Amino acid sequence: MRPVTSGVGDLPVMPLVTFGESDLLVMSKDIRAYNKKRDFSQTLEPRSRKRHRKATEPVFVVHRHEARRLHYDLRLEVDGALKSFAVPKGFSFDPKDKHLAVRTEDHPLEYEDFDGVIPQGQYGAGMMTIWDRGPYELLNGPWDAAIDAGKIELRMRGSFLRGEWHMVKLKKEKDQWLLFKSRDAYAREKGDAPVSLGLLNARRQPMPQRLSRMEIGDRSSLFVDPEWLYEPMLPGLRLFAEKKGNAIRFRGSRQRIGSVADRVVAALGGTRAENAIMDGIFVCPDDENRPCPLTLDRALLGEVSKPIFYYAFDLLYYDEWDLRDVSLAERKAALSSILPKHSLLVYVDHERSRAAELFETASAVGLRGLVAKSAASPYRRGASDDWLWIPATRTPRRPRGPHKRKQKSARTHSIAFTNRSKVLWPQAGYTKGDLIDYYEQMADWLLPYLKDRPLSLNRFPNGIDGGSFFQKETPEHAPDWIETVLVESKHRDEVETRFVLCNDRSTLLYLANQAAIELHPWSSRRGALESPDWAILDLDPTTGDFSLVVRVARAAEELLGELGLRPYLKTSGAKGLHIYIPLVAGYTYEQVRMFCEGVARLIAIREPALATIERSKPRRDGKVYVDFLQNRREQTVVAPYAVRPVPPASVSTPLAWNELSDDLEPADYTMTSAPARVANLGDLFAPTLGDSQDLLAAIDKLQALVGETRR
DNA sequence: GCTGTCC
DNA sequence: GGACAGCAACGCCCT
DNA sequence: AGGGCG
Ligand SMILES: [Mn+2]
Ligand SMILES: [Mn+2]
């Protein structure tokens, strides 16, 4: 669930430049605009003040600023102030890329060290992190002359941005400039750049102590999707290659790599990075020049003298950047940029649209097939459906048995996950990535309960403590492959709502990326929207004493049993319990509601100290509210296995009736524990989709029981 | 989380 | 560029 | 008609 961290967390970015004593008085008058825009009782940003400063090499800083739109703020120290430009598209090392840079107000020099959050409501609200910094040189100074000339030429010595960068003023637009890399040794061709967009999701973190491999999650028949990368599947020994300064080592295998790989080690020393961790595979050719694992084994033991190649296909760490949240396509671009040109080192290139040809070739040369990898996917530990094995075709040697292996149909929709590391549950520390991973793991269990049901979402883009909003209407900008259903308003003409139908895992993951924590399906399905297929009793406690709810649930179980019904139980995940009775087709919401009202009344009569159907909170008197009004069109109850926006990230969890105990604690069932529970116990809620029940006899019995009670 | 509108 | 608003709304109960 | 509730 939680991504593996080093335990160090986000280190503050270390300044690369420090200053000594000051003896120069500096103050920019443009800085007044800066002070005016800010309320320094609200923001931790530095207040501008007069400042003494030694004449020394000026510095630049680039802030990564997660305001409404992510952008980068390039700030250049000039005459004691930071001249600032907002660069929405960031920096590209390709001289052909010209990115807009908008001049913004000067910032005080102290801002150079600012790394933190600008509070909501303040100017520039959002996270501001130092993305790069270092000394720079203005090659066509002084500043004012350069501004007048409309051209700024910089030589930068950041930890990241290096070499010459030029800016040219747009004639038409005020304050708008173009920023681009000039042609020098630091420039890179497009796709060959380790910087640029490639590091938007990179985390500046110490080298990971522990690393787990990402593995193939499933097999698939060949599909061609330009959002996927196709690589040949090579036989050999999978290893991480790590360069740390001048030290090279291999990680991730128990097998000891001795001096037989010395030539590969030497070659890796030429990697164009201070630090790097690559994922790849040792490969050794046999006498027919085909990759052969047996030959490799013998070569590693020194029994045969064959060259050992390292085929690198992924880059997890670069200099001081953890790249595992960066998309695969970007990681591979960076890898190809830093992998030295050497005969023993091979960059495992990929195909996108021409996968079929690569597949033919791989089959023909006897490889096991292709690995299809989602281009947008991050690097995750363990098996993942972002990596699929596409087995090579073989000429049939024996007749096929009757058993046809069921292959998972290939996922055809790719989703670019954003902000995986954004914390949505601050108390538990779970992130949006954790939510995505959870719904990915639980999709097979959860999707049946969402299928064909109009879905209301409760979205928490700023975490469970930030504001949330409900969403019924599918936004215009949602992907067009998402299924929807048009629902007419019951009473108002010409009012229609296009609800999402979460009918496949792509949609579920898209919704997770939208921070749709709560999933509220209708009780009825497309084609029969007026007819619920389950009845719900919603038990809501008034106080925090969960044992009361448990006791009311027992009373409900007993009564429903007397009525000849088979009810099913789950926690709401928040404070209460939900009881479902699956129904045969054809009942209306009104019929179901009336039945549930009768049941709720009788429970309240039998347990007058515990249960009530009183809707007014103050009159509930601390009792459990048995809510039968949930059985209504367009009214929803949170889906089983859905996560709740509560501090422990509880999950609405199906329970066996014999699990009802006085010390039941719904917060024990969380996003972290639910996958193991369902793997062990299976889906306890499955009967709600099959054990359809008739209410006729139950209604008669209920009336009889009410009559008895009256007497 | 994302869009559109206004500044 | 940046701030902000919007993103549901209905049925049903009781008074 | 208006407010509370989910
Ligand atoms: Mn900014
Ligand atoms: Mn409830």
Side-chain angles (χ1 to χ4, degrees), chain A residues 33 37-38 63 65-74 84-89 100-105 118-126 128 173-177 415-420 422 424 432 435-436 454-463 466-479 487-492 495-500 510-518 520 522 536 538-540 542 572 574-576 578 589-590 593-594 596-597 600-601 612-620 625-638:
Chain A
K37 285 186 178 179
R38 283 162 181 78
H63 281 112
H65 188 181
E66 295 175 61
R68 178 180 178 277
R69 294 245 213 275
L70 173 69
H71 62 274
Y72 294 79
D73 289 305
L74 169 64
S84 298
F85 299 84
V87 188
K89 289 190 169 173
L100 184 69
V102 180
R103 181 90 154 88
T104 53
E105 77 274 12
I118 301 174
Q120 286 301 314
Q122 286 295 300
Y123 185 79
M128 179 90 82
E173 309 281 351
K174 185 174 179 287
D175 288 343
Q176 300 201 359
W177 297 66
I415 304 149
F417 294 116
T418 52
N419 266 324
R420 279 190 64 97
K422 183 163 183 175
L424 297 187
K432 199 175 76 165
L435 178 69
I436 291 167
L455 192 65
S456 288
L457 308 170
N458 197 3
R459 295 180 49 190
F460 294 77
N462 295 310
S468 82
F469 60 91
F470 287 88
Q471 185 175 306
K472 294 186 175 182
E473 185 76 35
T474 309
E476 198 70 42
H477 55 84
V487 176
E488 289 182 28
S489 170
K490 195 70 184 292
H491 300 289
R492 280 193 294 165
V495 178
E496 294 178 324
T497 305
R498 199 170 62 109
F499 281 85
V500 169
Y510 168 78
L511 295 176
N513 190 52
Q514 293 287 308
I517 293 178
E518 283 197 309
H520 295 270
W522 282 29
I536 297 176
D538 173 16
L539 309 186
D540 289 330
T542 312
S572 78
K575 293 180 168 173
H578 296 153
Y589 276 107
E590 188 183 15
R593 183 169 62 248
M594 283 172 57
C596 288
E597 176 177 0
R601 277 185 193 283
T612 177
I613 56 169
E614 177 59 67
R615 253 173 103 68
S616 162
K617 273 185 175 172
R619 299 190 198 179
R620 283 184 200 160
Y625 174 47
V626 185
D627 187 358
F628 56 90
L629 291 166
Q630 300 284 29
N631 300 284
R632 204 210 316 148
R633 186 188 135 109
E634 204 156 336
Q635 181 62 17
T636 58
V637 171
V638 71

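Excluded from the calculations below are hydrogen atoms, water molecules and symmetry mates; all remaining heavy atoms, backbone and side chain alike, are included. Keep in mind that what you see is a predicted model, and the values were worked out from it rather than measured. In what follows, chains carry the letters A, B, and so on, assigned in the order in which the sequence lines appear, proteins first and then strands, with residues in each chain numbered from 1.
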- request: Look at K472(A) and dC10(C) and indicate whether a side-chain polar atom (N or O) is within less than 4.0 Å of OP1 or OP2.
  value: no

field: Nearest-angstrom distance from the residue atom CZ of F469(A) to C1' of dC4(C)
entry: 14 Å

task: For E496(A) and dA8(C), give me the distance from atom CD to atom C1', rounded to whole Å.
output: 16 Å

task: List the steps and the verdict of side-chain contact (heavy atoms from CB on, under 4.5 Å) for D627(A) and R615(A).
output: CA-CA 8 Å; D627(A) 187 358; R615(A) 253 173 103 68; 4.2 Å; yes

query: What integer distance in Å separates F460(A):CZ from dG6(C):C1'?
result: 16 Å

message: Work out how far the P atom of dA8(C) is from that of dT3(B), and round it to whole angstrom.
response: 16 Å

query: Any donor-acceptor pair under 3.5 Å joining the side chain of R632(A) to the base of dC12(C)?
result: no

Distance, rounded to the nearest Å, where F85(A) contributes CZ and dG1(C) contributes P: 14 Å

query: If you check the K617(A) side chain, which of dG1(C), dG1(B), dC5(D) turns out closest?
result: dC5(D)

message: Donor-acceptor pair, distance only, cut-off 3.5 Å: does the side chain of S572(A) make one with the backbone of A574(A)?
response: yes

message: With a sphere of 6.0 Å drawn around CD of Q176(A), does it hold more than 12 non-hydrogen atoms of other residues, nucleotides or ligands?
response: yes

task: Classify the nucleic acid contact of E476(A) as base, sugar-phosphate or nothing, counting any heavy atom under 4.0 Å across all strands shown.
output: nothing

- prompt: Under 6.0 Å from the NZ atom of K422(A), do we count more than 12 heavy atoms belonging to anything else shown?
  reply: yes

Minimum-distance nucleotide to K422(A) side chain [options: dG1(B), dA8(C), dG6(D)]: dG1(B)

- line: Atom CD of E518(A) and atom C1' of dA8(C) are separated, to the nearest Å, by 14 Å

- prompt: Is the NZ or CZ atom of R103(A) both under 6.0 Å from the centre of the six-membered ring of F85(A) and within 45° of that ring's axis?
  reply: yes

task: Would you mind reading off the distance between Q630(A) atom CD and dC10(C) atom C1', rounded to a whole angstrom?
output: 13 Å

message: When you compare the side chains of S468(A) and N458(A), does any donor N or O come within less than 3.5 Å of an acceptor on the partner?
response: yes

message: Here's one to test your reading of the geometry: is the NZ or CZ of R620(A) within 45 degrees of the ring axis of Y625(A) and under 6.0 Å from its centre?
response: yes

- request: Measure from the side chain of H71(A), starting at C-beta and using heavy atoms only, and say which of dG6(D), dG1(B), dG1(C) lies closest.
  value: dG1(C)

statement: Assign each of E634(A) and T104(A) the nucleotide of DNA chain C bearing its closest heavy atom; nearer the 5' end lies the nucleotide of T104(A)

message: Quick check for you: to the nearest 0.5 Å, what is the distance between I517(A) atom CD1 and L511(A) atom CG?
response: 12.5 Å

- prompt: Could you state the OH-C1' distance from Y72(A) to dG2(C), rounded to the nearest angstrom?
  reply: 18 Å

Distance between C1' atoms of dC2(B) and dA9(C) (Å, rounded): 22 Å

- request: State which of dG2(C), dG1(B), dG1(C) makes the closest approach to the side chain of N419(A).
  value: dG1(B)

- prompt: Is any NZ, NE, NH1 or NH2 atom of the basic residue among K472(A) and E634(A) found under 4.0 Å from an Asp or Glu carboxylate oxygen of the other?
  reply: yes

statement: With the side chain defined as heavy atoms from C-beta on, H65(A) is closest, among dG1(B), dG2(C), dA8(C), to dG2(C)

Atom pair distance, as rounded to whole Å: CH2 in W522(A) and P in dA8(C): 14 Å

Can you pull every protein N or O that's under 3.5 Å from an N or O on nucleotides 13-15 of chain C?
residue, atom, partner, partner atom, Å
dT15(C), OP1, R619(A), NH1, 2.6

- prompt: Charged N to carboxylate O under 4.0 angstrom, E597(A) versus R601(A)?
  reply: yes

field: Nucleotide pairing, DNA chain C (Watson-Crick or G-U, distances under 3.5 Å), in dot-bracket with [ ] and |
entry: |||||||..||||||

